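Before any comments, here is the structure.
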Amino acid sequence: MENLDQLELNELMLQRRRKLEELKAKDIKPYGNKFSPTHHTADIKHNFEEFVGKEVSLAGRLMIIRGQGKASFAELADMTGKIQIYLKKNIIGEDLYELFSSLDIGDMIGLTGEVFKTKVGEITIRVNVFELLSKSLRPLPDKYHGLKDKEMRYRQRYVDLIVNPEVRDTFVMRSKILRTIRNYLDQQGFLEVETPMMHPISGGASARPFVTHHNTLDIDLFLRIAPELYLKRLIVGGFERVYEINRNFRNEGMSYKHNPEFTMLELYQAFADYNDMMELMENLCCHVAQEVLGTTKVTYQGHVIDLTPPWRRLSMIDAVKEYTGVDFDQIQTDEEARKAAKEHGIEVDDTMPRGKIINEFFEARVEEHLIQPVFIMNHPVEISPLAKRMVEDSRLTYRFEAFIFSWEMCNAFSELNDPIDQRERFLAQVAQREAGDDEAQMMDEDFVRALEYGMPPTGGIGIGIDRLIMVLTESHSIRDVILFPTMRPEK
RNA sequence: GGGUCAUUAGCUCAGUCGGCAGAGCACCUGACUUUUAAUCAGGGUGUCGAUGGUUCGAAUCCAUCAUGACUCACCA
């Protein structure tokens with residue numbers, strides 16, 4: 001027997017450990033082996049007429065016990081839901097009934113019994129025989145109020161999942177959304193690939209990376225902030241349609257919509273451009289919503305958001321003009337741009353070029369208004385080091401971001417495939433980095449070398465999967481769609 | 001990183017002006033063979049987040065710290 005003195009146990013936990021010893025003394029195994037249920041609770045609940053009078057075997061956790069002397073009711077929960085069970089002493093016998101009477105809420109059992117309906121119409125299993133599968137040594141939270149403490153729900157997600165069924169629903173939905181996305185892309189000829197999570201050079205996005213160290217090679221590696229540069233190497237290599245759905249890691253602040261590790265879909269399509277990516281984005285979101293929700297109009301925080309294509313398309317400069325009246329088509333120099341920013345109370349520093357100031361206007365004055373899906377297009381080249389320049393205006397790029405509920409849901413562009421321009425953009429980033437911007441990108445010579453072999457014109461897109469899931473599941477925090485969100489360690 | 005708030009029984013929460021630590025559920029004992037937040041009778045199980053301080057006396061007032069939530073900044 002374990003030394004109880006060394007554990008910090010409250011009275012309830014001690015009681016359950018004493019029961020455990022009593023079971024062992026009676027030669028009842030408290031932790032069973034295999035049990036083979038014939039059905040799940042939902043099968044019976046949804047098809048009562050088919051099951052009535054028949055014998056079934058179920059396995060699950062006792063959630064409520066209502067003893068009534070020589071008979072007892074209880075609720076058994078499995079992955080599909082709950083069902084009431086009924087145990088009578090003169091059916092299951094004295095020994096088994098005594099065992100049942102000693103069980104606690106949270107214990108897991110396997111049982112066999114007949115399906116019937118009680119006089120008030122509750123579908124119930126009349127148990128003929130049962131066995132203990134796992135003794136629970138800790139009390140569960142309040143049967144009525146559940147577990148509300150957010151810290152405990154995130155830290156002990158297993159308890160959250162046991163007592164709050166809607167949490168399980170959210171993660172089932174998450175799984176369905178991911179499967180639907182994969183099926184959709186697979187049907188269109190995209191190949192799912194896996195590229196490195198540990199990068200010798202951090203690239204593909206503007207963000208601070210996590211650093212780790214490989215002992216044998218004695219080199220620092222960065223957890224990836226984006227798979228972009230590797231996926232484009234695959235386009236060079238001849239895979240014409242690839243995607244990856246996996247984690248990115250960014251060493252930055254946490255909030256209701258930021259977790260240090262988050263899931264991103266990145267996709268590249270050879271011979272396509274950003275117009276194709278816009279169509280793909282709106283069609284994919286619409287398809288997923290239709291498949292998992294049965295509608296393309298989703299309600300999020302009181303707004304009905306209509307995902308039906310086509311979505312509005314608006315250049316960033318036109319968006320700034322629409323919401324602030326400032327027309328950057330008429331503002332050509334960095335000095336004029338900074339003057340306009342100061343007039344509108346937007347903070348800029350004296351080194352900021354026109355392109356960055358357009359973006360500052362956009363983020364400060366436009367984003368908050370973008371509730372319905374909209375593509376914001378043609379970003380300045382200064383903030384788009386991997387996107388192809390527009391023929392119409394070489395200071396802008398064929399890039400877009402989709403906004404839904406003011407959140408950036410994706411980032412996409414016609415990929416820069418000119419290796420000489422790419423090298424210059426990297427050098428500009430390196431200069432910014434040396435000037436103190438630790439989110440600017442690093443030079444990736446191998447990536448430039450790959451482009452020198454020739455990359456076809458390519459459309460690429462990155463979609464923040466967690467945020468898409470938040471909107472589709474009406475979750476208000478990213479932590480509600482990530483099973484084990486990042487937390488400070490206990491104690 | 002800044003601001004605001006929270007932390008009391010296993011869970012959900014009260015706790016007034018600084019004066020014996022409370023409720024519901026859970027749990028324990030007993031009754032009860034169709035209950036369903038079962039019911040009935042009895043039982044309170046606690047390092048009031050931690051450490052200092054003020055005070056005759058602190059869950060309560062003050063300071064610091066810890067953890068979390070919300071929010072702002074940064075970011076996707």
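Here the structure is a predicted model, which means the values were calculated and not measured. Residue numbers begin at 1 in each chain, while the letters A, B, ... track the order of the sequences.
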For Gly67(A), answer base if it contacts any base atom (sugar-phosphate contacts may also be present), sugar-phosphate if it contacts only those atoms, and nothing otherwise; contact means non-hydrogen atoms under 4.0 Å.
base
Kindly confirm whether the side-chain ring of Phe73(A) is stacked on the base of A38(B), judged by centres under 5.5 Å and planes under 30°.
no
If you look at every strand shown and take non-hydrogen atoms under 4.0 Å, does Ser72(A) touch a base, only sugar-phosphate, or nothing?
nothing
Within the 4.0 Å heavy-atom criterion, would you say Met409(A) contacts the bases, only the backbone, or no part of the nucleic acid?
nothing
Distance, P atom - from G57(B) to C72(B), rounded to whole angstrom
45 Å
Nearest-neighbour nucleotide for the Lys150(A) side chain, U12(B), U34(B), A69(B) considered:
A69(B)
Can you see if the side chain of Arg488(A) gets near the phosphate of U67(B) - specifically, an N or O under 4.0 Å from OP1 or OP2?
yes
Ring centres of His199(A) and Phe222(A) under 6.0 Å apart?
no
Using a heavy-atom cut-off of under 4.0 Å over every strand shown, decide if Phe403(A) touches base, sugar-phosphate, or nothing.
nothing
Between U29(B) (P) and Glu11(A) (CD): distance, integer Å
11 Å
So what does Arg479(A) touch, heavy atoms closer than 4.0 Å: a base, only the sugar-phosphate, or nothing?
sugar-phosphate
Which comes earlier along RNA chain B counting from the 5' end, the contact point of Pro260(A) or that of Leu103(A), where each point is its nearest nucleotide?
Leu103(A)
With distance as the sole criterion, do the side chain of Gln84(A) and the base of U35(B) form a donor-acceptor contact below 3.5 Å?
yes
What's the closest nucleotide to the Thr118(A) side chain, out of U35(B), C32(B), C13(B)?
U35(B)
Would you mind reading off the distance between Met254(A) atom CE and U67(B) atom P, rounded to a whole angstrom?
12 Å
Under 4.0 Å between any heavy atoms, over every strand shown, what does Gly464(A) touch: base, sugar-phosphate, or nothing? Just pick one.
nothing
C70(B) to C28(B) separation - C1' atoms, rounded to the nearest Å:
40 Å
By nearest atom, which of the nucleotides U35(B), C70(B), C28(B) is closest to the Lys19(A) side chain?
C28(B)
Presence of Lys143(A) side-chain N/O under 4.0 Å of A38(B) phosphate oxygens OP1/OP2
yes
For Glu151(A) and A66(B), what is the distance between atoms CD and C1' respectively, to the nearest whole Å?
10 Å
Candidate nucleotides U33(B), A76(B), A69(B), ranked by approach to the side chain of Glu408(A) - the nearest:
A76(B)
For Lys119(A), answer base if it contacts any base atom (sugar-phosphate contacts may also be present), sugar-phosphate if it contacts only those atoms, and nothing otherwise; contact means non-hydrogen atoms under 4.0 Å.
base
Taking CD1 from Ile64(A) and P from U39(B), how many angstroms apart are they, rounded to a whole number?
11 Å
If you count the non-hydrogen atoms of other residues, nucleotides and ligands that lie under 6.0 Å from NZ in Lys45(A), is the total more than 12?
yes
Give the nucleotide from the list C70(B), U33(B), C25(B) with an atom nearest to the side chain of Ala71(A).
U33(B)
Rounding to the closest angstrom, what is the interatomic distance between A9(B) and G15(B) at atom C1'?
14 Å
Provide the distance between the two C1' atoms, one in U60(B) and one in U55(B), to the nearest whole Å.
13 Å
When you compare C65(B) with U7(B), how far apart are their C1' atoms, in angstrom units rounded to a whole number?
14 Å
Could you tell me how far apart Ile162(A) (CD1) and C11(B) (P) are, to the nearest whole angstrom?
14 Å
Minimum-distance nucleotide to His145(A) side chain [options: U12(B), G68(B), U34(B)]:
U12(B)
Looking across every strand, which nucleic acid part, if any, lies under 4.0 Å from Leu140(A) by heavy atom: base, sugar-phosphate, or nothing?
nothing
Measure CD1/Ile85(A) against C1'/U34(B) and give the value in whole Å, please.
14 Å
Considering every strand and a 4.0 Å limit on heavy-atom distances, what is the contact class for Leu12(A): base, sugar-phosphate, or nothing?
base
Can you check the distance between A21(B) and A59(B), where both ends of the measurement are the C1' atom (answer in whole Å)?
9 Å
Once you apply a heavy-atom cut-off of 4.0 Å, does Asn251(A) come out as touching a base, just sugar-phosphate, or nothing?
nothing
Among the candidates A38(B), G68(B), U12(B), find the nucleotide nearest to the side-chain atoms of Arg66(A).
A38(B)
Taking the side chain of Gln68(A) as its heavy atoms from C-beta onward, which of G10(B), A69(B), U35(B) lies nearest to it?
U35(B)
In plain terms, say whether Glu11(A) and Arg18(A) are close enough for a salt bridge, that is, a side-chain N and a carboxylate O under 4.0 Å apart.
yes
Sub-6.0 Å ring centroid separation between Tyr86(A) and Phe73(A)
yes
Looking at Arg155(A), I'd like to know whether one of its side-chain N or O atoms comes within less than 4.0 Å of OP1 or OP2 on U67(B).
no
Answer yes if the ring centres of Phe400(A) and Phe413(A) are under 6.0 angstrom apart, and no otherwise.
no
Nearest to the side chain of Ile105(A), which nucleotide is it out of U33(B), U12(B), A26(B)?
A26(B)
Of the nucleotides U12(B), C28(B), A76(B), which has the atom closest to the Asp104(A) side chain?
C28(B)
CD (Glu347(A)) with more than 12 external heavy atoms under 6.0 Å
no
Does OP1 or OP2 of C74(B) have a side-chain N or O of Arg250(A) closer than 4.0 Å?
no
Is there a donor and acceptor pair closer than 3.5 Å between the side chain of Asp142(A) and the base of G24(B)?
yes
Decide, yes or no, whether a salt bridge links Arg313(A) with Glu282(A) under the criterion of side-chain N to carboxylate O below 4.0 Å.
yes
To the nearest 0.5 Å, atom CD of Gln156(A) lies from atom CG of Leu147(A) at 8.0 Å
Provide the distance between the two C1' atoms, one in A6(B) and one in C13(B), to the nearest whole Å.
13 Å
Which part of the nucleic acid, if any, lies within reach of Asp149(A) when heavy atoms closer than 4.0 Å are counted: base, sugar-phosphate only, or nothing?
sugar-phosphate
Pairwise P distance, G22(B) and C40(B) [rounded to whole Å]
23 Å
Considering residues, nucleotides and ligands other than Lys176(A), do more than 12 of their heavy atoms fall under 6.0 Å from its NZ?
no
